[in-house]
Structures are given as structure tokens and as C-alpha cells.
Amino acid sequence: MKSQKSIDPAALELLPKAALDGVETVWDRYEAQQPQCGFGSLGVCCRHCVQGPCRIDPFGNGPKAGICGASADVIVTRNLLRQVAGGAAAHVDHAYEAVEALELAAKGNINYSIADETKLQQIARGLGLEVSDKNKADLALEVVEAAYADLANHGSKPVQWLMVNAPKERIAVWQSLGILPRNPDREIREAMHQTTMGMDADPVNLVLSTAKQGLVDGYSGLKLATDMQDILFGTPTPVVTEANLGVLKEDCVNLIVHGHVPLLSEKIVFWAGKLQEEAILAGAKGIQVSGVCCSGNEVLMRNRIPLAANYLAQELAIITGAIDAMVVDVQCIMPSLAKVASCYHTELITTMPIVKIPGATHVPFTLEGADDTAQVIVRKAITAYGRRNSKKIHIPNYKQKIVAGFSVEAIVSALSAVNPNQPLKPLVDNIVNGNIFGVVATVGCNNVKATQDIVHVELVKELVRNNVLVVATGCSAHALAKAGFMNSEGTETYAGEGLKAVLTAIGQAAGLGTPLPPVLHMGSCVDNSRIGDLVTALAGYLNVDSASLPVAASAPEPQHEKALSIGTWAVTMGLTTHLGVVPPVLGSKAVTELLTNGLSDVIGGKFYVETDPLKAAQGLLEDIRSKRQKLGLPC
Ligand code: NFS
Ligand code: SF4
């Protein structure tokens with residue numbers, strides 16, 4: 001078992017307080033789970049029918065097949081396919097809500113504006129729609145119609161969001177493998193069907209279906225969600241703010257937004273601004289909104305809201321005793337929060353029909369009533385402020401300055417300052433000459449099986465020292481923000497000479513006066529679509545398959561099924577995709593070999609599992625080196 005719980009100094013300061021306050025945390029519950037079941041860890045436990053559970057003995061003389069005859073290979077791949085389909089389902093559901101919101105906004109039925117007409121037009125053009133002279137509501141409705149057509153498509157036509165956005169070379173590969181997805185709901189349903197008792201027993205077929213779910217996630221989940229959210233709320237531009245629990249203000253009402261979909265959190269930010277006076281009347285200096293997980297990333301990117309905590313520290317935020325209300329929407333919300341909140345004055349507020357937690361206050365959120373709901377929630381936070389127990393408050397004094405908001409548009413705009421006609425040229429030239437050795441995207445969660453943030457931070461330290469430009473999203477971005485990789489001092493401290501020179505030159509040309517940070521925060525987990533867009537643009541500019549670019553991906557501490565579906569998408573894009581926590585597949589040698597090696601022959605990408613961050617960095621550098629070699633670039 002790992003020795004340390006976290007490397008985040010704020011977390012380390014609060015853990016003894018948790019113990020003192022008698023509050024159980026995720027780390028306590030993790031210890032209570034030890035030893036975790038070996039069958040489950042290896043992926044060889046099946047509960048897909050009521051004859052089970054069946055377990056395969058991968059080492060000894062125990063059973064080699066489930067009661068129905070399913071082998072370890074079948075059980076492992078069936079489980080994996082279900083997990084990846086679960087991740088894709090979460091993102092497609094998220095995207096669907098954003099499409100509905102855009103529809104209602106365009107019809108004038110809800111109080112949401114269409115903030116980014118340029119992005120709307122760009123997306124419409126991409127879909128082949130006629131743009132000229134149309135007002136934005138009409139055009140938005142046409143885009144919504146195209147989205148619904150994808151989501152309800154009953155033929156065998158592949159998802160249009162994929163066809164118009166993915167690299168052509170990749171589409172050809174996916175087509176040849178028969179994994180171009182149709183209607184995403186149908187594909188997710190089919191994956192559930194395919195994995196029920198007495199269905200597919202071919203592990204290769206199951207792995208290909210898993211890859212298809214990765215594409216469902218990438219285009220009908222991530223890309224569709226980001227597109228809709230950018231149209232509604234605006235495409236991010238660089239913002240300066242701070243990260244870590246030190247952003248909480250003892251003399252303010254502290255309201256945390258936690259979850260993933262920005263439909264509510266945008267309104268909370270707006271109304272927190274409007275209701276400052278009421279907070280002041282209640283004796284506070286104002287209202288401080290800060291973010292946890294990806295709702296935090298969304299309002300960071302567009303509204304400069306500071307980041308309080310990533311996944312593993314969500315309970316610790318409440319343990320500061322300074323959170324007056326925490327409002328949650330969907331995903332990554334620990335059910336334990338209600339119990340933790342009950343030890344303090346904190347009001348935990350659930351809002352979604354599919355996320356209710358006994359002990360929390362449920363304030364139902366609807367798009368039509370969004371403004372009212374947001375006001376109710378902000379006022380609940382103000383009221384809770386009056387119930388504070390000052391003896392229980394301790395805000396660790398740790399925070400880092402960060403620059404975030406790097407959408408592809410923002411990156412291109414910074415690069416345009418160097419070359420207005422061909423903005424990608426300076427980036428590509430520096431990759432070609434080796435100043436930038438390659439690009440790695442670090443994404444995904446914290447996982448209690450790893451010391452919090454250590455894999456993110458140590459991996460990235462080594463990568464940027466070796467002149468790799470890192471782009472990050474999700475809780476990985478939080479981890480790197482807290483560790484000081486998202487400001488210009490981070491460039492001075494951590495970047496290798498070549499990378500430093502490039503970041504300094506771009507920063508100067510863009511009029512920032514300081515270097516760009518060595519890690520660019522590209523947003524929430526659905527915003528991995530932005531990384532996909534960047535990879536697609538680079539491949540397009542160079543006219544090569546994305547699989548041959550010196551680009552790799554990493555989920556250093558993945559926990560959620562969404563991290564597995566995103567990782568699967570990265571593999572289908574042809575990228576070597578590192579996982580810093582071992583996924584439950586080792587019970588099948590053949591499947592492990594297929595995922596970490598065999599797959600690359602057919603799809604270009606593969607998974608690479610390594611729990612040691614320094615070794616993982618070496619592995620990724622090696623991967624980039626071999627890609628550079630094949631492109632004839634200096635190594
Ligand atoms: Ni991504 Fe973001 Fe964090 Fe993991 Fe959860 S918040 S959507 S799943 S834990 S990165
Ligand atoms: Fe066992 Fe087969 Fe049923 Fe799974 S599907 S629980 S392996 S009998």
C-alpha cells in the first residue's frame with residue numbers, strides 16, 4: 001500500500017483536522033476496504049447473470065470458466081466494454097442536456113443567451129449548413145436539429161459530429177475496422193446487450209466494440225458537449241486566477257460548485273455576483289464562489305472562478321469548516337459528502353433528478369426555473385453563513401496563481417501574434433526543430449490508490465524538463481495548477497531550455513509580458529474534445545495521420561469510467577495512452593497483450609500502464625522519440 005495520502009500541502013494540513021473532528025474521509029474508507037478483492041482487481045469476476053457471481057482463477061488450479069463457459073478473456077473484455085459504455089453514457093447524457101438547453105435558449109423559452117455567435121457559425125459551417133444572413137437563434141436551431149438527428153438517427157449512418165470533426169485518415173481506419181458509431185444511444189444500448197449473458201464470446205470483437213464506445217464518447221459526448229457549451233456560454237479565453245483551498249475566504253460566504261454540467265453553475269456565478277449586498281447585510285464581506293472537479297473547471301475557464309479542490313479533496317473542502325454551501329449537479333460526487341457536511345454547518349445541495357443524497361437538501365434544477373433555483377441556492381449559502389462555528393474553521397494558506405482558459409481558439413490567437421497567416425506554423429516549426437520535443441495531454445482524475453496528485457506532478461515535471469509541452473484537463477489540470485505548473489514562474493522553474501524559449505517568445509509576441517505556462521489548462525473533462533481538435537488541427541496542418549504525431553496522452557490517476565472511455569478514444573485517435581493506475585484487465589493475458597500492444601497494429605494507438613511516474617515519463621518520451629524518428633525529425 002502507498003505510504004502517503006497526498007502531496008498537496010493543503011490536504012496534508014487538513015487530514016489531522018479531519019481526524020480531530022472525527023470525520024471519516026475517502027482515505028479511511030480505502031483502508032477499511034483492504035485487502036481489495038483480487039478477482040475484481042484482475043477483472044475476472046462476472047455478475048452479468050444470476051447464476052453468478054463467477055470467478056476465474058487466473059493462476060492456480062481453480063475454475064477456468066464461468067458457469068456458462070465464459071473464459072477469463074471474455075469476462076475481462078465484457079467488463080471493460082461495460083465500463084467504457086458507462087463512461088460514454090455519462091458524457092452523451094451531459095451533451096444531450098446541453099443540446100436541449102441550446103434549443104430552449106434559441107426558442108426564447110429560457111433565460112440563457114447564445115453567447116458565442118462566431119463559434120455557432122463555425123460549427124454550423126462545419127456541419128455544411130448555410131450560414132449567411134441567418135440570425136443566431138435560427139442558426140442555433142438548425143445546429144440543434146443536426147445534433148438531435150445524430151442522437152436519434154435510426155439508420156446505419158455514422159455519427160455526423162464524428163464525420164465532420166475527426167481526421168480523415170482516422171475515419172478511414174475506423175471504417176475499415178467496422179467501428180464507426182451510429183446513433184450513440186443505440187451504440188450504448190447495443191454494448192449493454194452485447195455483454196449480457198449468452199452473447200458475444202469473442203474477446204477481439206468485444207475490444208473493437210469497446211473502441212467504438214470510445215468514439216461514441218469522443219464525438220457524441222465530449223465534442224458535442226463542448227460545442228453546445230461554447231455556443232451558450234462562450235469559448236474560453238485566457239484568465240488569471242488561483243487554485244487550492246487557500247482561495248476560500250474566511251470573511252466571505254463560501255459557495256462551492258461541484259459536478260460537471262455548467263448549466264446551473266453559470267447561473268450560480270451570476271447570482272452570487274448579484275446578491276453580494278445580501279451577503280454583506282448578513283455580516284460577510286461578500287460571496288466567494290469556488291469550484292470542485294469539472295463544474296469548477298467550467299466556471300474557471302469562462303468566469304475566472306478559482307479552483308478549490310480536485311476529486312480526492314472534495315471532502316476536505318468541507319472539513320475546512322468554511323464552506324457555507326456546496327451545490328452539486330452530476331458525476332464524481334462522493335455520497336459521503338452528506339455525512340461530512342453534517343459535522344459542520346455546511347449545506348449540501350443536490351439539484352438533479354438522478355443525483356439525490358439522503359441528508360442533503362434537494363433543490364430541483366430546471367432550465368426554465370434556473371434563475372430562481374440559483375437564487376434559492378445562493379440565499380441558502382448566505383443563511384448558512386450565520387450558522388458558522390468559528391472554532392471549526394481552518395483554511396490552509398496554500399494557493400497558486402494560475403493562467404487558464406486555453407481553448408484551441410485561445411492558443412491559435414496567441415500563436416497568431418507570431419504568425420498571423422499560419423498560426424500553427426510556429427508551434428509546428430518548434431516541434432520539428434526539437435525545441436518542443438512533443439506534446440502530452442494529461443487528463444482525468446485522482447484515484448485513492450495513488451498518493452493524491454503525485455503521478456500527475458512527478459510525470460509532468462519530468463516531461464516539461466524534457467521540453468514536452470503539456471496540455472491538461474479535469475482533475476489532472478487541478479493537480480498541476482496547485483503544484484505551480486500554470487504560471488510563468490512554472491516555466492522558469494520546470495521547463496527545459498527549448499520549451500522555455502518557445503513559451504517566452506509566444507508570451508512576448510502575444511503581449512503578455514511573461515512566458516506562457518508549461519502546462520496549458522484546456523478545461524473540463526468534456527473539453528478533452530479541445531485536445532482532440534488540437535491534435536486534429538496539427539495532423540491536418542502537417543497532412544499526416546494523428547497516429548504518427550509526436551503526441552501522447554496520459555491519465556495519471558484515473559478512477560472514473562469516464563476516464564476509461566476518454567482514454568479509449570485517445571487510443572482510437574492513434575495515441576499511446578498512459579494509465580498510472582492498473583485497470584481491471586490483468587486477469588486475461590491475451591486481452592492485456594491486445595490492449596497494450598496488439599491494438600497498435602490495427603488502430604495506431606495503445607494503452608501503456610505504468611504506476612511509477614518517472615518510468616512513465618521515460619516510456620512516453622521513448623514513444624515520442626520513436627514517432628519523431630519515423631517522421632525524420634531530430635531526436
Ligand atoms: Ni473527469 Fe471531471 Fe475529476 Fe475524473 Fe471526475 S471530476 S469529468 S472523472 S474525478 S477528472
Ligand atoms: Fe457466470 Fe456466465 Fe452468468 Fe457471468 S454470465 S455470472 S460467467 S454464468
Side-chain angles (χ1 to χ4, degrees), residues 26 39 43-56 63-79 82-83 86-88 90-91 93-95 194-201 217 221-222 225-226 257-262 265 291-298 300-301 307-314 328-334 441-448 450 452-453 455-456 472-481 521-529 531 554-567 569 579-581 587:
V26 59
F39 297 100
V44 289
C45 169
C46 180
R47 293 186 298 112
H48 289 200
C49 88
V50 190
Q51 299 175 96
C54 297
R55 313 184 302 183
I56 307 296
K64 292 288 173 253
I67 292 165
C68 66
S71 65
D73 301 345
V74 172
I75 292 177
V76 163
T77 42
R78 262 193 327 213
N79 287 343
R82 279 214 171 172
Q83 285 195 294
H91 284 143
D93 212 29
H94 174 157
Q194 190 178 357
T195 50
T196 55
M197 189 270 148
M199 288 291 290
D200 207 344
D217 191 25
L222 313 179
T226 301
V257 292
H258 175 14
H260 284 79
V261 185
S265 43
V292 168
C293 286
C294 281
S295 285
N297 282 323
E298 296 284 357
L300 161 78
M301 295 285 284
L307 295 174
N310 55 357
Y311 168 75
L312 270 185
Q314 56 186 280
V328 303
D329 48 68
V330 292
Q331 304 168 11
C332 300
I333 299 146
M334 290 189 197
T442 70
V443 309
C445 331
N446 290 136
N447 181 320
V448 70
Q452 185 197 8
D453 295 348
V455 193
H456 298 284
T473 56
C475 290
S476 184
H478 279 241
L480 298 166
H521 192 328
M522 293 190 75
S524 64
C525 285
V526 295
D527 291 339
N528 283 312
S529 64
I531 297 175
S554 168
E557 302 171 17
Q559 61 88 3
H560 205 281
E561 287 174 330
K562 293 176 289 170
L564 295 179
S565 58
I566 293 167
W569 174 51
L579 301 176
V581 175

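Positions are given from 1, in the same order as the sequence printed here. One-based numbering, in listed order, for ligands and for the atoms of each. Keep in mind that what you see is a predicted model, and the values were worked out from it rather than measured.
Of all the atoms in ligand 2, the ones that sit under 4.0 Å from a non-hydrogen atom of Cys46 are 4 (Fe), 5 (S), 6 (S), 7 (S). Taking every non-hydrogen atom of Gly52 and a distance limit under 4.0 Å, the qualifying atoms of ligand 2 come out as 6 (S). Counting the atoms of ligand 2 from 1 in the order shown, those under 4.0 Å from a heavy atom of Cys54 are 1 (Fe), 6 (S), 7 (S), 8 (S). Residue contact check: Cys68 has heavy atoms under 4.0 Å from atoms 2 (Fe), 5 (S), 7 (S), 8 (S) of ligand 2.
The CE atom of Met522 sits 12.5 Å away from the CG atom of Asn297 when rounded to the nearest 0.5 Å. The distance from the CD atom of Glu561 to the CD atom of Gln83 is 5.5 Å, given to the nearest 0.5 Å. Considering CG of Asn447 and SG of Cys475, their distance stands at 11.5 Å, rounded to 0.5 Å. Between Asp329 atom CG and Cys293 atom SG the span is 10.0 Å, to the nearest 0.5 Å.
Side-chain contact check for Lys562 and His94: no donor-acceptor pair (N or O, by modelled atom type) lies under 3.5 Å. At a cut-off of 3.5 Å, with distance as the only test, no side-chain donor of Asn446 or His478 sits close to an acceptor on the other residue. For the residue pair Asn528/Thr473, the side-chain donor-acceptor check at 3.5 Å is satisfied. Side-chain contact of Gln331 with His560: a donor-acceptor pair under 3.5 Å is absent, judged by distance alone.
Residues Gln559 and Leu312 have side chains not in contact (no heavy-atom distance under 4.5 Å, counting atoms from C-beta outward).
At a 4.0 Å heavy-atom cut-off, ligand 2 touches Arg78 through the side chain alone.
Excluding water, every protein N/O/S atom under 2.8 Å from atom 5 (Fe) of ligand 1 is given here by residue and atom: Cys332 SG.
Among the backbone and side-chain atoms of Cys49, an N, O or S atom lies under 2.8 Å from atom 3 (Fe) of ligand 2.
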